[in-house]
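A short write-up of the structure that comes next.
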Amino acid sequence: SLIKDSYTDVNIIGNDRVGGIAGEITEYIKQNRKLANEKDFFEFGLENCSSIGTMKVGYFGGGLVGGSHGTFEITNSHSSMNITSSGIGGCTVGGLVGVNYFGTIENSYYSNDLIIMDKYSILGGLVGQNIGNAIINNCYHTGVLVGGDVGGIAAINSGNSVISNCYNTGELTGSTYVGGITGKNSYRSSILDSYNSGDIMGNNGALFGGVKVGGIAGINDDISTIHNCYNLGDITVPDDAEGITGGLVGVNYYLSEII
C-alpha cells in the first residue's frame, strides 16, 4: 500500500526496525492471479512524507522507515529526526531508511546530525545499507555523521545497487570504511554523477589495517564503478589512526573502475 502526504512529530524508542513513518515496508505478492494484464505487485511506498522528533534505535532504524524489502518507492520525502543508539552496539541507521533492499528512493533528503559513538555501527546520511538492486537517485544529505562504516548517502552500497545524482555537504567521521557518498561500494554496484563537499575524518578503526577513507568511497570493490564523480572536501586521518586515504577512494580493488 502507499503512504502519501503524511507527517509525524514524535519521540520513539524501539529495538528492531524503527521508523518515523513505518517500522517496516514489505512487499505483498498477489496470489492466484487470473488476468494476464494484472500487475505482479501492489503499488506501495511513501510519497510526500516527512518526520521530525527523536528516535532511539537498537538494531535497525531510519527517519522514515526502519527496514524495507521489495520494489517499493520513496519519493519527495524528507526527515530531520534526531536519531541515536540505545547502546546495544552494531546498529544500522539511515537518515531516511535503515536497510533499503530492492527499493528506490528519489528526490528526498535528510537534514540533521547522526552521531552514534560505536565503531561497529553502519551509518548513512540517507540509508544505512543500500543492497540488492536498490536505487538512490537525486537525493542529498547535509548534516554531521559520526559512526563506524559511514557514507554521506549510504554507508554500504552493494549487490548491483546504484547511487546517482546525489550529493553530501555534511562532515563525516568514521572508523572502518568512510566515504563522502558511500563507505563501501561493492559487488557490481555503481556511483554515478555525484559529489561530496563535506570534510571527512577517519579515526582509530575496527578494521585490521586501519580505516579506509575516500572523498567518494572508502573502498570501491568487486567489479564496481564510480563514474563522473568529484570531491571537494578535505580528508584527514590523524597520526594515531592507521589507515588508507585517497581523494576519491581509499582502496580501488578487484576489477573496479573510476571513469
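With 3.5 Å as the limit, one finds a donor-acceptor pair spanning the side chains of D193 and N228. Side-chain atoms of N137 and E106 include a donor-acceptor pair closer than 3.5 Å. At a cut-off of 3.5 Å, with distance as the only test, a side-chain donor of N11 or T54 sits close to an acceptor on the other residue. Donor-acceptor pairing under 3.5 Å is recorded for the side chains of N157 and N185. Side chain to side chain, T225 and S190 fail the donor-acceptor criterion of an N or O pair below 3.5 Å.
The hydrophobic cluster containing I259 does not contain Y230, counting ILVMFWY residues as joined when their side-chain heavy atoms lie under 4.5 angstrom apart, directly or transitively. Note on Y140: it does not cluster hydrophobically with I163, by side-chain heavy-atom contacts below 4.5 Å among ILVMFWY residues. Both I258 and V178 sit in one connected hydrophobic cluster of ILVMFWY residues. Membership requires side-chain heavy atoms under 4.5 Å apart, directly or through other members. Linking Ile, Leu, Val, Met, Phe, Trp and Tyr residues whenever their side-chain heavy atoms come within less than 4.5 Å leaves M201 and I122 in two separate clusters. Note: the hydrophobic cluster containing V10 also contains L96 (ILVMFWY, side chain heavy atoms under 4.5 Å, direct or indirect links).
Across Y195 and I216, no two heavy atoms sit closer than the pair CA-CD1, 4.3 Å. Taking each heavy atom of I131 and A134 in turn, the nearest pair found is O-CB, 3.5 Å. Nearest heavy atom pair, residue I3 against residue A22, reads CD1-CB, 4.4 Å. Across every non-hydrogen atom of S161 and G132, the tightest pair is OG-N, 3.4 Å. The shortest heavy-atom contact between D113 and N82 is O-OD1, 4.3 Å. Taking all atoms of both residues into account, the shortest heavy-atom contact from S51 to S79 is OG-OG, 2.8 Å.
You'll find the side chain of D199 stays beyond 4.5 Å of the side chain of T236, heavy atoms only. Contact of the T8 side chain with the I21 side chain is registered, since non-hydrogen atoms from C-beta on lie closer than 4.5 Å. V57 places a side-chain heavy atom less than 4.5 Å from the side chain of M55.
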Show the numbers, then the answer: is there a side chain to side chain contact (heavy atoms under 4.5 Å, CB included) between V150 and T173? CA-CA 7 Å; V150 174; T173 300; over 6 Å; no
Report the C-alpha distance between D221 and K184 in whole Å, list the side-chain angles of each, state the deciding distance to 0.1 Å, and finish with yes or no for side chain to side chain contact (heavy atoms under 4.5 Å, CB included). CA-CA 8 Å; D221 191 15; K184 296 177 68 175; over 6 Å; no
Just do the side chain to side chain contact (heavy atoms under 4.5 Å, CB included) check on V144 and V146 with the steps written out, would you? CA-CA 7 Å; V144 173; V146 180; 4.1 Å; yes
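To the nearest 0.5 Å, atom NZ of residue K119 and atom OG of residue S121 are 11.5 Å apart. Taken to the nearest 0.5 Å, the CG atom of N107 stands 12.5 Å off from the NE2 atom of H78. Taken from CG in L46 to CG in D5, the straight-line distance is 10.5 Å, to the nearest 0.5 Å. A distance of 4.0 Å separates CG of N100 from CZ of F72, quoted to the nearest 0.5 Å. Rounding to the nearest 0.5 Å gives a distance of 5.0 Å between CG of L145 and CG of L172. Distance check, rounded to the nearest 0.5 Å: OG of S111 to NE2 of H141 gives 8.5 Å.
With T169 contributing its side chain and G198 its backbone, the two residues share no donor-acceptor pair below 3.5 Å. S68 places a side-chain N or O within 3.5 Å of a backbone atom of V99 that can act as its donor or acceptor partner. In this structure, S194 contributes its side chain and Y167 its backbone to no donor-acceptor pair below 3.5 Å. With hydrogens and angles ignored, the 3.5 Å screen pairs a side-chain donor or acceptor of N231 with a backbone N or O of G247. Of the possible polar contacts, one joining the Y110 side chain to the M81 backbone as a donor-acceptor pair under 3.5 Å is found. Put simply, the side chain of S77 never gets that close to the backbone of I74: no donor and acceptor are under 3.5 Å apart. Listed for the S80 side chain is no donor-acceptor partner under 3.5 Å among the backbone atoms of N112. Between the side chain of T176 and the backbone N or O of D149 there is at least one donor-acceptor pair closer than 3.5 Å. Between the side chain of N220 and the backbone N or O of N252 there is no donor-acceptor pair closer than 3.5 Å.
Remark: Y59 engages no residue in a ring-ring contact (aromatic ring centres under 6.0 Å, His included) (not counting sequence neighbours).
Within 6.0 Å of atom CD1 in I13, 12 or fewer heavy atoms from other residues, nucleotides or ligands are found, so the atom counts as exposed in its surroundings. Counting heavy atoms of neighbouring residues, nucleotides and ligands inside a 6.0 Å radius, atom OH of Y7 exceeds 12 of them.
A side chain to side chain contact (heavy atoms under 4.5 Å, CB included) with I153 is found for exactly one of I191, I136, T182, namely I136.
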